[in-house]
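Note that the structure is a prediction, hence the values are computed from the model and not measured. FYI, the numbering just counts along the sequence from 1.
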Amino acid sequence: MAQPRTENGTITAVPGVRLGHWTDTEAATGSTVLLFPEHGAIAGVEVRGAAPGTRETDLLRPGTLVERVHAIVLTGGSAFGLAAAEGVMRFLEVQGIGFPAPAGPVPIVPAAVIYDLTVGASMRRPTRDAGLDAAREASDAPAESGTVGAGTGATVAKALGMDHAIKGGTGTAAVTLPRGHIVGALLIVNAFGDIMDPATGDTIAGPRRDPADGGGAFESTRGILRSRNGGAGRAGGAASAANTTIGVVATNAPLTVAQANRLAMMAHSGIARAVVPSYGMGDGDTLFAVSSAEPGAPPVDTLGLTTLGAAAAEAVEHAIVDAVRSAAGLAGIPSAAEHIAAARRSPDP
């Protein structure tokens, strides 16, 4: 399997993809906008979590009138944050970009949200202006990761509540395939479960263990859920519903709408390998897949789609790991690196 080896090892390595962040560190929230070429991008989506917050996902199914999207918004603020997509629509409208309609072009801007209202200032959420500002900042420069954009207020490993959570964030990666096709991923990691590095099998973020207890920096979410009658009385209460990992997989390989939906489905295995457990009742795990290829190019064949799907899942894994390793602590919640460093400084029990 190919490894990320593009000079720009982020999602903007995919030709035609531009990215902008809007970040509010005081409120611990933000928005991330991906813009595509004026002709739009073929798109699909796969929603596997039980608690999604989304917009414009039904039109991404095969057989619908609209086949191309012009932007995708990933945002904090729970369902309130969907307002950020309105700002992106306005940004595109003034440029005459959108689906051709009798009264003028209508920009197609799907979106997905994370629940970050338990961190920072819950009444300050991304607005229309947040989306507009992020769109104005969008570029094809290497994308920033960590505590930025929609991942600003993201947290992970919440089985013992927010008092034991670890900082999540925004992560990105890109994989280049031998025929010149690139697959990039951008993930906003706000998971209930532990974060694993599939390359090593190591847990890189889990519920914080008290250093006085010994036994390493993290507890096991699966162990917590299995204890005390399935976790009753011990698992993180309201925090167990304050989750969701969302993201975008992009490629310059030409796809049909059906293939884009299949690519989103295959890419989801990267979430399942890096977030343990994933797709829970409090997760809204959602992945978009887009192709920025020029209209009219013949789509990839069956083997080509399988190859893209394997690379997409790998890029998703790398992006999830990047989100946790790049994150900085915020609003009293430490990053994994900060917690490990603190545990090492603590005297042995």
Side-chain angles (χ1 to χ4, degrees), residues 11-12 14-21 31-47 52-75 81-101 104-113 128 131-132 134-136 138-140 143 149-150 172 182-188 246-265 267-268 286-297 299 308 312 316:
I11 194 170
T12 54
V14 178
V17 175
R18 293 176 289 150
L19 182 144
H21 294 302
S31 295
T32 297
V33 173
L34 292 101
L35 301 180
F36 306 117
E38 186 172 342
H39 58 71
I42 292 288
V45 68
E46 177 78 1
V47 180
T54 57
R55 158 195 163 112
E56 299 274 48
T57 52
D58 285 348
L59 61 77
L60 303 182
R61 302 302 181 190
T64 58
L65 176 64
V66 176
E67 293 191 337
R68 293 181 175 270
V69 304
H70 304 97
I72 291 177
V73 174
L74 307 176
T75 184
L82 289 172
E86 297 178 15
V88 180
M89 286 190 70
R90 177 57 180 162
F91 175 82
L92 294 168
E93 182 187 23
V94 298
Q95 300 177 61
I97 296 174
F99 179 78
V106 178
I108 305 301
V109 184
V113 306
R128 177 182 183 274
L132 182 59
R136 286 171 173 163
S139 78
D140 60 2
T172 184
I182 302 172
V183 182
L186 180 85
L187 273 290
I188 310 300
I246 56 177
V248 178
V249 169
T251 182
N252 60 334
L255 302 173
T256 66
V257 172
Q259 288 176 325
N261 277 276
R262 176 58 62 175
L263 182 63
M265 183 186 298
H268 255 286
T286 299
L287 269 183
F288 298 97
V290 299
S291 166
S292 63
E294 292 284 340
L308 287 173
V316 167

pair Leu255-Leu308: side-chain heavy atoms closer than 4.5 Å: yes
Residue pairs passing the salt bridge (charged side-chain N to carboxylate O under 4.0 Å, His left out) test where at least one lies in residues 34-46, sequence neighbours excluded: Glu46-Arg48
Close side-chain approach of Asp58 and Thr64, heavy atoms under 4.5 Å: no
Within-4.5 Å side-chain heavy-atom neighbours: Leu65 and Phe99: yes
Non-hydrogen atoms of Ala258 and Pro62 that approach each other most closely: CA-CG, 3.8 Å
Student check: side-chain heavy atoms of Leu19 and Thr32 closer than 4.5 Å: yes
N/O donor-acceptor pair under 3.5 Å between Asn261 side chain and Arg61 backbone: no
Gap separating the CG atom of Leu34 from the CG atom of Leu74, nearest 0.5 angstrom: 6.0 Å
Spacing of CG belonging to Leu35 relative to CG belonging to Asp140, to within rounding of 0.5 Å: 11.0 Å
Residue pair Arg68 / Ile42, side-chain heavy-atom distance below 4.5 Å: yes
Heavy-atom pair of closest approach, residues Ala134 and Ser31: CB-O, 4.3 Å
Taking every non-hydrogen atom, the tightest pair across Ser292 and Pro15: OG-O, 2.6 Å
Val290 versus Ala41, closest heavy-atom pair with distance: CB-CB, 4.1 Å
Asn252 side-chain N/O to Ile182 backbone N/O, donor-acceptor pair under 3.5 Å: yes
Heavy-atom donor-acceptor pair, His70 side chain to Ile108 backbone, under 3.5 Å: yes
Residue pair Val257 / Ala43: nearest heavy atoms and the distance that separates them: CG1-O, 3.9 Å
Closest non-hydrogen atom pair between Gly81 and Thr75, with its separation: O-CG2, 3.4 Å
Approximate separation, where rounding is to 0.5 Å, of Gln259 CD and Met265 CE: 13.0 Å
Under 3.5 Å donor-acceptor, Thr172 side chain and Ile11 backbone: yes
Residues Ile246, Phe288; criterion side-chain contact (heavy atoms from CB on, under 4.5 Å); working and verdict: CA-CA 8 Å; Ile246 56 177; Phe288 298 97; over 6 Å; no
Test item: Ser291 side-chain N/O and Ala253 main-chain N/O as donor-acceptor pair under 3.5 Å: yes
Student check: side-chain heavy atoms of Leu60 and Pro110 closer than 4.5 Å: yes
Side chain to side chain contact (heavy atoms under 4.5 Å, CB included) partners for Arg55, two or more places apart: Leu82, Ala85, Met89, Val109, Ala111
4.5 Å side-chain heavy-atom contact, Pro107 and Ile97: no
Sub-4.5 Å side-chain heavy-atom contact between Leu187 and Leu287: yes
